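Input: a single structure, listed below in C-alpha cells.
Bear in mind the structure is a predicted one, so any value in this text is a computation, not a measurement. First listed ligand is number 1; within each ligand, the first listed atom is number 1.
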Amino acid sequence: MVDERSAGAVVFIADNETEYLLLHYTAGHWDFPKGNIEAGETERQAATREIREETGIADVEFLEGFRQIISYKYRKRNRLVDKEVVLFLARTKTRGVTISHEHIGFAWKNYDDAMKQLTFKNAKNLLAAARQFTQPQT
Ligand code: ATP
C-alpha cells in the first residue's frame, strides 16, 4: 500500500509544433499537473479535476491506451511518504492558463525544452513515452 496516490496528465497542445504544459511547484520542481485522488473519484476524474483546478484548462481529451505510473518516496515532516502518481496523456486546445496558489509558474515547452525543464528523471522518461505514443516515428 502506498501512502499517497495522485493523478494527472501530460497535457499537450498540437499547434505547428507539439508543446507540453509544465508547472513550477512551490517546492522548486517542474512537473506535470497532478494531485491527490479523492475518495470516490476515478483516476481520470481526479486528473481532469486537478488539471482544471491547477491550470483552468477544462477541455482535455484523453488519449486511450496511455496510463503510466511514477513512484517515488519523499520526506514529509520526518516521515517517509511512499507515493504513486498515475499519469495520462491529454490533448487540449486551450493555451491560456491560470495557475492556482499551489504553483509559482507554468510553461508551454516543446519536447526538447520540456525535457530540460522537467526536474526528475522519471518524469523525463514519462514524457519520452508520451511522445513515442503520439509520434511513434520519432
Ligand atoms: P500533488 O501535486 O500530487 O498534490 P505535492 O505538490 O504535494 O503533490 P509532490 O509534487 O509529490 O507534492 O512533491 C513532494 C516531494 O516529492 C517534493 O519534495 C518533490 O521534490 C518530490 N518529488 C516530486 N516528484 C518527484 C519525482 N517524480 N521523483 C522524485 N521525487 C519527486
Quiz item: Is E54 paired with K34 through a side-chain N to carboxylate O contact shorter than 4.0 Å?
Solution: no

Quiz prompt | N or O pair under 3.5 Å between K83 and ligand 1 | solution = yes

Quiz item: Do you see a protein non-hydrogen atom under 4.0 Å from atom 18 (O) of ligand 1?
Solution: no

Self-check item: Carboxylate-amine/guanidinium proximity below 4.0 Å for D59 and R91
Solution: no

Quiz item: N122 heavy atoms, cut-off 4.0 Å: which ligand 1 atoms fall inside?
Solution: 26 (C), 27 (N), 28 (N)

Quiz prompt | Cationic N near anionic O, under 4.0 Å, K73 to D82 | solution = yes

Practice problem: Check each atom of ligand 1 against the heavy atoms of Y25 and keep those under 4.0 Å away; list them by number with element. | Solution: 2 (O), 6 (O), 10 (O)

Practice problem: Could you tell me whether E61 and R44 make a salt bridge, using a distance below 4.0 angstrom between a side-chain N and a carboxylate O? | Solution: no

Practice problem: Apply the test side chain to side chain donor-acceptor pair (under 3.5 Å) to residues Y20 and Q117: give CA-CA distance (whole Å), side-chain angles for both, the deciding distance (0.1 Å), then the verdict. | Solution: CA-CA 11 Å; Y20 300 91; Q117 190 84 67; over 6 Å; no

Exercise. Return the orientation label for the H29 and Y25 ring planes: parallel under 30°, perpendicular over 60°, tilted otherwise.
Key: parallel

Quiz item: Shared ILVMFWY cluster between L118 and Y72, side chains joined below 4.5 angstrom?
Solution: yes

Quiz item: Does any N/O atom on E102 come nearer than 3.5 Å to any N/O atom on ligand 1?
Solution: no

Quiz item: Does an N or O anywhere in H29 fall below 3.5 Å from an N or O of ligand 1?
Solution: yes

Exercise. Measure the distance from atom 20 (O) of ligand 1 to every protein heavy atom, then report the residue, atom name and distance (to 0.1 Å) of the closest one.
Key: F120 CZ, 3.4 Å

Practice problem: State if G35 counts as touching ligand 1 under the rule of any non-hydrogen atom under 4.0 Å. | Solution: yes

Practice problem: Ignoring angles and geometry beyond distance, decide whether K73 reaches within less than 3.5 Å of ligand 1 through its nitrogen or oxygen atoms. | Solution: no

Quiz prompt | Atom indices of ligand 1, in the order listed, that fall short of 4.0 Å to a heavy atom of S6 | solution = 1 (P), 3 (O)

Quiz item: Given E84, K34, R5, which one has a non-hydrogen atom that is nearest to atom 1 (P) of ligand 1?
Solution: K34

Quiz prompt | K109 and E19 ion-paired at < 4.0 Å | solution = no

Self-check item: Option of least heavy-atom distance to atom 26 (C) of ligand 1 (set: W30, F32, Y72, Y74)
Solution: Y72

